[in-house]
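Notes to accompany the following structure.
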Amino acid sequence: MRKLLLPTVIIIAASLLLIRIFYLQVINDTFKLKSENNAIKTQYDYPERGYIFDRNGKLLVANQASYDIMVIPRELKNIDTLEFCQLLKITKDDFIKRIAKAKVYSPRLPSVFLPQLNKSEFAAFQEKIRKFEGFYFQKRSLRAYEVDYGANIFGFITQVNERLIEKNPYYNSGDLIGQQGVEQSYEEVLRGIKGVKYIQKDKYNREIGSYKEGKYDTIAVQGEDINLTIDAEIQRYGEQLMINKRGGIVAIEPQTGEILALITAPSYDPSILVGRQRSKNYTLLYYDSIAKPLYDRGLLAEYPPGSPFKILTGLVALQEGVIDEHTTFVCHHGFSYARGRFMACHGSGPHQLNNGIYNSCNTYFASAYMKTINKYVKPSYAVDVWSNHVKSFGLGDFMGYDLPTGKRGNVPDSKTYKKIYPNGGWRSTTIVSNAIGQGEVLMTPIQLANMIATVANEGYYYTPHIIKKIKGESIDKKFTTKHVTTIDKKYFKPMIQGLYDVYNYGTASSLRVEGIPICGKTGTAENFAKIGGKRVQLKDHSIFVAFAPKDNPKIAIAIMVENGGFGATIAGPIASLMIEKYLRKKITRVDLEKRVLGISLRDQYAKLGGMNEASAIESTPKDSTVKKEIIKIKVDSTKEN
């Protein structure tokens, strides 16, 4: 048997090799096609991208015809450069630079000479294209936006770069790809499949027909349509309410994790990133280092959560058994701790869980937090117990949603304080500011929205996501997987009652909406920035979280308005208006709506911008014309006339 083993292996291997060679040379002649590519012209047929709809079937993003002027440098002959440039409205220097770039890519392969001409721009050139040997046009489709909002959700389409072409063989020079937003997240779904035609040429380089009678040709397959979880009307309304303000708003359907609205302010009209002006406009948006219209504050901005974090402080204390809903702490307009240090508070008198929540008492929650930490002998162990409870709400890490950008936020643990205090010596009084959402705690608006959605669900959440339906496919199972917190369900009911009473007796009592039982929590977070190397305190951020109705909630929302002051001043009214708009499709508090629409924080931001102006100017192009246009884009990005 051993003598036969080696010859058998050799015979089998040789047989497999011969079969493979026969297949490649006789049956499958695609390699022959590649070997003959000098006599074959490859022409691509680009499909339309899939359409994008909102959760109710409203069309948000469609397509429009566009034309790329393509060039094969080796085939250029006797070009009337002057006429060519006049037709396409470019300079001779621009012509020379573009041809040089095409030669660098490949002298014999086609590349984009001038992209994204619309019908009117292309019409004059089309009539005379036969005069310009070596040039031809490639029809494509560009995005056509049916709405002037939601730019951060959609993203945009741009040309692939050389690095991506090397990495992904599907793409060729001049191909378009989705960047940011759902265009990037669902690129493979939306892009479709390119069609390919192989055209035979004779020895004079003339086209003589399809290669092998079209045997290898394929037809283009249009991209799949998708429905987003976004409610277009509440998205539009939220962006209107945030005019002349900066910040982020995220609304979630608690029972599914579907994102109803994802708002960043300031924003911009998505249509300005379409067509020949796309690159110029993108540059202007990119270099606006003050307003940052390309920066999605709903996903990326990390803020101290302020008083809404007291919800978690109370729930963890209940779970750890250091308080119950009747535990009482007496407040004397603040909380004294650690050698005369004082945490100011607007309340006074005895507070239990219910009025501690609706009065937002710092003393109550600082005391509850310290009892949680002091329950254990070692503060390092205690803070890890506390941290793990908080992290079970999806905080302190990337959330796994289906958008291509995000930040982790921060939930401190013993490792955090080992770095800050390498010699030890820290205790509950050292880190008590965590209790009220200050200290080392940071959250993004989407994390804050997910937190309040979890409370609305009494202890569970689904990973927030923006895809509702893909034609012919099912969505990722991770978006239908329930995540349960470490807090027992029984502790959520008294907390929810306290949040309901915020609207009845507490800090949001002036924001009630008749007939809609809303649960919410105001927040005001201290705001510091480094300016000129110094830590400067700026006007506080305005924060609000809410869900409604109280029973069987349909919407949970988190709002962060930068430098907006008290939570009940700006963020709270926006929450009440958006909740009513979503649940009733109309607004009854027109007085409140008018007030919010009229609030402008531009003067506040102008002061902050002035402090940073020098560094901002340094980061912009030196051309004075560009600087002026950056200022114009800032105005456009806030959607002011």
Side-chain angles (χ1 to χ4, degrees), residues 54 56 58 147-150 152 230-253 259-267 269 297-298 445 448-449 452 500 502-504 506-524 541-550 553-605 635 637-641:
D54 86 335
N56 300 310
K58 177 181 173 62
V147 297
D148 63 355
Y149 50 85
N152 61 309
I230 294 295
D231 183 291
E233 184 57 26
I234 193 176
Q235 177 73 25
R236 180 195 63 81
Y237 188 58
E239 290 195 22
Q240 283 184 338
L241 295 173
M242 287 295 287
I243 289 175
N244 294 323
K245 308 166 189 71
R246 292 180 192 167
I249 301 175
V250 181
I252 294 174
E253 185 178 67
I259 300 172
L260 302 173
L262 177 59
I263 295 158
T264 183
S267 188
D269 185 336
R297 287 169 165 86
L448 203 55
I452 196 64
Y500 177 61
V502 168
Y503 271 86
N504 292 322
T507 52
S509 58
S510 64
L511 303 175
R512 288 194 300 269
V513 179
E514 192 66 33
I516 300 180
I518 305 176
C519 301
K521 183 74 191 75
T522 54
T524 307
H541 295 320
S542 179
I543 310 169
F544 201 89
V545 297
F547 64 86
K550 179 174 179 281
K554 304 296 184 185
I555 180 174
I557 191 166
I559 297 165
M560 176 74 71
V561 180
E562 294 181 7
N563 311 108
F566 294 119
T569 303
I570 300 180
I574 291 174
S576 292
L577 290 168
M578 289 187 68
I579 286 172
E580 183 179 25
K581 188 74 169 179
Y582 181 68
L583 295 178
R584 287 183 173 164
K585 312 303 179 187
K586 63 179 182 179
I587 294 295
T588 57
R589 291 286 308 274
V590 292
D591 59 325
L592 187 63
E593 180 183 59
K594 185 177 180 180
R595 179 168 71 82
V596 172
L597 289 171
I599 293 174
S600 173
L601 299 178
R602 291 189 68 188
D603 289 343
Q604 180 74 26
Y605 302 139
V635 175
S637 71
T638 55
K639 300 188 178 176
E640 283 193 348
N641 295 322

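A donor-acceptor pair under 3.5 Å is formed between the side chain of Glu239 and the backbone N or O of Gly150. Of the possible polar contacts, none joining the Asn152 side chain to the Ser267 backbone as a donor-acceptor pair under 3.5 Å is found. Not one N or O on the side chain of Gln235 forms a donor-acceptor pair closer than 3.5 Å with the backbone of Tyr149. Side chain of Ser576 to backbone of Leu511: a donor-acceptor contact under 3.5 angstrom is found. Counting only distance, with no hydrogens or angles, the side chain of Asn56 and the backbone of Lys58 share no donor-acceptor pair below 3.5 Å. Distance alone, capped at 3.5 Å, places no donor-acceptor pair between the Thr264 side chain and the Gly248 backbone. In this structure, Arg297 contributes its side chain and Val561 its backbone to no donor-acceptor pair below 3.5 Å. A donor-acceptor pair under 3.5 Å is formed between the side chain of Lys245 and the backbone N or O of Ile243. Ser542 places a side-chain N or O within donor-acceptor distance of the main-chain N or O of Phe566, the cut-off being under 3.5 Å.
Distance check, rounded to the nearest 0.5 Å: NZ of Lys554 to CD1 of Ile516 gives 13.0 Å. Taking CD1 from Ile555 and CD1 from Ile234, the interatomic distance works out to 4.0 Å, rounded to the nearest 0.5 Å. Residue Tyr237 holds its OH atom at 3.5 Å from CD of Glu593, rounded to the nearest 0.5 Å. To the nearest 0.5 Å, the span separating CZ on Arg246 from NE2 on His541 amounts to 11.5 Å. Atom CD1 of Ile230 and atom CG of Asp54 lie 8.5 Å apart (nearest 0.5 Å). To the nearest 0.5 Å, the span separating CE on Met242 from CD1 on Ile559 amounts to 8.0 Å.
Between Val513 and Ile579 there is no side-chain heavy-atom pair separated by less than 4.5 Å. Counting heavy atoms from C-beta on, the side chains of Lys594 and Leu597 never come closer than 4.5 Å. The closest side-chain heavy-atom distance from Met578 to Ile263 is below 4.5 Å. Side-chain atoms of Asn244 and Ile599, non-hydrogen and from C-beta on, never get closer than 4.5 Å to each other.
Summarising the geometry of Ile557 relative to Ala575, their closest heavy-atom pair is CG2-CB, 4.2 Å, with the distance given to 0.1 Å. Pairing each heavy atom of Glu562 with each of Tyr605, the nearest pair is O-OH, 2.7 Å. Taking both residues in full, the closest heavy atoms of Gly238 and Ile249 are given as O-CD1, 4.3 Å, listed atom of the first, atom of the second, then distance. Taking both residues in full, the closest heavy atoms of Gly567 and Pro573 are given as O-CD, 4.4 Å, listed atom of the first, atom of the second, then distance. Across all their heavy atoms, Arg589 and Arg512 have their closest contact at NH1-O, 3.2 Å. Contact detail for Tyr582 and Glu253: the closest heavy-atom pair is OH-OE2, 4.3 Å.
Surrounding NZ of Lys585 are more than 12 heavy atoms belonging to other residues, nucleotides or ligands, all under 6.0 Å away.
Each of Thr524, Leu448, Thr522 was compared with Ile543 under the side-chain contact (heavy atoms from CB on, under 4.5 Å) criterion, and only Leu448 meets it.
Classification of Glu233 and Arg236 as a salt-bridged pair holds, one side-chain N sitting under 4.0 Å from a carboxylate O.
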